[in-house]
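Single-structure report; data block below.
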Protein chains: 2
Amino acid sequence: MISSDLPFDLHALKVFLQVCEHTTMAGAARRLGITQSAISQVISDLEHRLGVVLFDRSMRPIGLTASGALLREHALILTTEARRASIRLQELQRGRPNLLRVGIIDSLSRALLPPLTRFLRERAERSVILSGPTESHYAALLGRQMDLIVGAGDLEDMNGLECWVLLEEPYVLLYPATKPYPDGPKALQEINQYMPFIRFSARSRIGQDIERYLRRLRLELRYSLEFDSPFGVTSACMDGGMAITTPLCMLECGEAVPHFRCMALPGPPARRQLTLIVRKGELGRLPFDLVQTLRQHLRDSVLQRLRHFCPDDAKFLKVPATRVPDHG
Amino acid sequence: MISSDLPFDLHALKVFLQVCEHTTMAGAARRLGITQSAISQVISDLEHRLGVVLFDRSMRPIGLTASGALLREHALILTTEARRASIRLQELQRGRPNLLRVGIIDSLSRALLPPLTRFLRERAERSVILSGPTESHYAALLGRQMDLIVGAGDLEDMNGLECWVLLEEPYVLLYPATKPYPDGPKALQEINQYMPFIRFSARSRIGQDIERYLRRLRLELRYSLEFDSPFGVTSACMDGGMAITTPLCMLECGEAVPHFRCMALPGPPARRQLTLIVRKGELGRLPFDLVQTLRQHLRDSVLQRLRHFCPDDAKFLKVPATRVPDHG
DNA sequence: ATAAAACAATAATAAATTCTTATACTGTAT
DNA sequence: ATACAGTATAAGAATTTATTATTGTTTTAT
């Protein structure tokens with residue numbers, strides 16, 4: 001055996017956990033189908049390596065020391081993580097994950113939930129699908145509480161992540177169809193004197209994007225209403241107001257907004273990307289297949305429906321062409 | 001060797017990672033000070049156990065397969081977690097953690113940050129101290145991103161946590177000193193007609209507590225302002241208003257509020273506990289020592305200062321007596 | 001109190017494993 | 001084609017891990 005900086009092996013931890021559970025070494029030995037002596041040696045070796053006393057032998061049944069309790073915590077984490085790793089490998093091998101935890105951004109959930117669900121039914125034993133803001137999903141993906149997310153954002157830091165663009169869409173101005181269209185950023189500010197601007201909360205990605213856009217144009221729009229959800233923004237506009245939103249956010253709200261139109265922004269154009277992100281290599285070709293499916297659905301179904309909402313801007317939506325994957 | 005459901009040992013993972021890093025088995029062998037043959041055997045054994053091909057040998061240098069990439073992710077997690085476990089045990093042994101990540105609830109941070117910092121300087125190599133809402137700290141503690149938190153709340157679910165009460169304080173009514181004191185819950189509702197009630201956001205624990213309290217009394221107070229922070233609530237009161245808060249929240253805001261008083265609630269009393277929570281067994285006697293220090297500081301310094309803010313209610317604050325610890 | 005029972009530690013030995021050496025094989029480059 | 005660096009495999013040596021047998025504890029029953 002080579003010298004190792006690793007202080008123990010999983011086998012030793014397994015034995016240790018079994019002793020913790022039975023509270024006796026003899027019991028653990030029976031359970032594991034080996035002799036009590038072997039257990040005793042493993043535990044004593046573990047104690048020597050770690051330089052720590054794990055059990056208090058001055059009583060029967062033997063008791064865990066504070067160090068033992070601490071090691072137990074870590075041992076549980078390590079062994080379950082090890083088993084999980086092996087399960088993941090089997091899943092990758094068979095191409096059919098046992099449990100797939102998916103996060104999808106609110107503003108795409110109506111548009112993509114049906115094809116996503118259909119796909120997952122085929123390709124995963126079980127699925128959990130959560131809607132919400134991309135920020136929290138992103139953290140969950142990194143923290144391994146999620147396996148795949150559909151969200152907004154350019155593919156900033158790519159630490160071990162794989163990222164596909166599903167669709168690129170413009171930000172648009174949602175504005176009463178009856179009123180004259182503001183012919184520039186300045187006009188927008190003037191109109192804002194009597195027509196309130198409805199904001200996306202800056203806690204959401206889309207809100208931050210819009211805020212940055214307005215700041216770049218040096219526009220200070222007054223507002224009193226602010227929403228987390230596309231639906232909130234749109235419905236507030238109907239009660240009198242205007243907003244910057246996107247075609248998909250409009251679709252998300254359901255029915256068309258009467259007497260309102262979506263139009264290109266009066267200033268320079270702004271766009272956002274909606275992407276599918278997974279941890280690299282963990283799901284084999286499943287992400288690629290899913291991207292293909294979702295893009296197809298976006299082209300076939302979503303773009304069609306969008307013509308009703310944003311006739312002018314549907315043509316600015318871009319769904320990337322699908323190429324063959326790198327890995328066979 | 002006993003038969004094991006664990007699919008590999010940490011030693012094998014270490015070898016595997018070394019091969020990943022060098023991209024050649026021979027290089028990994030040199031690095032590890034063993035022969036290339038041994039490496040080859042370990043890898044091949046690992047592949048057989050997992051039923052997976054980890055490297056693509058049809059090229060030089062050999063390449064990671066998708067399965068290999070996946071295993072690499074998990075292997076990194078496992079080996080770092082294993083090393084961390086050993087470090088934790090050493091820390092517990094020596095009683096001086098290398099890095100202690102502490103979360104403290106906003107409403108105690110002024111009161112306790114000084115003695116907390118002094119303590120940590122002595123008892124930890126490095127410390128990270130974050131202020132914020134207990135909810136997120138609690139999750140971080142469970143997720144092992146934090147090691148110790150000072151927060152609000154009774155010790156609900158005790159899954160592997162150790163919990164000490166630092167202090168118990170009453171909820172009080174912050175009310176103009178010049179006006180007649182409301183002599184019952186009903187009076188409060190009448191006064192609310194012309195004096196606004198300032199709310200703690202229901203996202204915070206304290207806000208939820210207050211909301212529950214009012215609901216129990218069937219009081220429907222009108223409000224238009226709502227804050228996350230004790231300071232926000234208090235300063236809003238100064239501009240005209242009343243609120244339910246706690247003595248420590250008042251202290252947190254700094255100076256005394258002129259022409260205002262803190263008084264017992266007109267209805268039945270309500271209290272909250274502020275507690276110190278750690279994962280059980282991981283920090284030895286450090287939490288106990290810290291509790292002792294903090295309680296002492298609360299008695300000696302904080303209760304004194306509170307008499308200026310809430311002369312009537314300081315006597316209702318309770319700092320539990322400190323007993324000897326269970327473990328030597 | 002004493003004996004019995006159940007458990008844990010240790011020494012010596014057997015079994016299994018993991019290394020090394022030696023050699024044959026494979027992919028890449030000159 | 002041949003050399004070269006790398007990889008796989010067989011066989012034996014070294015090391016590790018388990019077993020048996022025995023002794024020493026702690027608890028429980030008499």
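Throughout, a chain's letter reflects where its sequence line sits, starting with A, and its residues are numbered from 1. Values below: all heavy atoms of this structure, side chains included; hydrogens, waters and symmetry mates excluded.
Here the C1' atom of nucleotide dC19(C) and the CG atom of D45(B) are 13 Å apart, to the nearest Å. Rounded to whole Å, the distance from NE2 on H11(A) to C1' on dA16(C) is 12 Å. Between D56(A) atom CG and dT27(D) atom C1' the separation is 15 Å, expressed in whole Å. Taking atom NE2 of H48(A) as the reference point, atom C1' of dT10(C) lies 12 Å away to the nearest angstrom. Distance, R49(B) CZ to dT18(C) P: 7 Å, rounded to whole Å. If you take CD1 of I34(B) and P of dT16(D), they are 13 Å apart, rounded to a whole angstrom. Whole-Å rounding puts the I43(A) CD1 to dC7(C) P distance at 16 Å. In this entry the distance linking CD1 of I39(B) with C1' of dT21(C) reads 16 Å, nearest Å.
A side-chain donor-acceptor contact under 3.5 Å links T65(B) to the backbone of V53(B). Although no hydrogens or angles enter the test, the distance criterion places a donor-acceptor pair under 3.5 Å between the side chain of E47(A) and the main chain of L54(A). Remark: side-chain polar atoms of D147(A) are not paired, donor with acceptor, to backbone N or O of L100(A) under 3.5 angstrom.
Here R118(B) pairs with nothing under the salt bridge (Lys or Arg N to Asp or Glu O under 4.0 Å) rule; sequence neighbours left out.
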N/O-N/O pairs, protein side and nucleotides 7-9 of chain D side, under 3.5 Å:
residue	atom	partner	partner atom	Å
dT7(D)	OP1	M25(B)	N	3.4
dT7(D)	OP2	M25(B)	N	2.9
dT7(D)	OP2	A26(B)	N	2.9
dA8(D)	OP1	R57(B)	NE	2.5
dA8(D)	OP1	R57(B)	NH2	3.2
dA8(D)	OP2	S40(B)	OG	3.0
dA8(D)	N7	Q36(B)	NE2	3.2
dA8(D)	N6	Q36(B)	OE1	3.3
dT9(D)	O4	S37(B)	OG	2.9

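When the nearest nucleotides of DNA chain D are assigned to M59(A) and A38(A) by heavy-atom distance, the more 5′-ward of the two goes with A38(A).
Counting only heavy atoms from C-beta outward, the side chains of I277(A) and L141(A) approach each other to under 4.5 Å.
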Listing, residues 77-85 of chain B side-chain donor-acceptor contacts under 3.5 Å, not counting sequence neighbours, or none:
residue	atom	partner	partner atom	Å
T79(B)	OG1	A75(B)	O	2.9
T79(B)	OG1	L76(B)	O	3.2
T80(B)	OG1	L76(B)	O	2.8
T80(B)	OG1	I77(B)	O	3.0
E81(B)	OE2	H74(A)	ND1	2.8
R83(B)	NH1	D5(A)	OD1	3.3
R83(B)	NH1	D5(A)	OD2	2.3

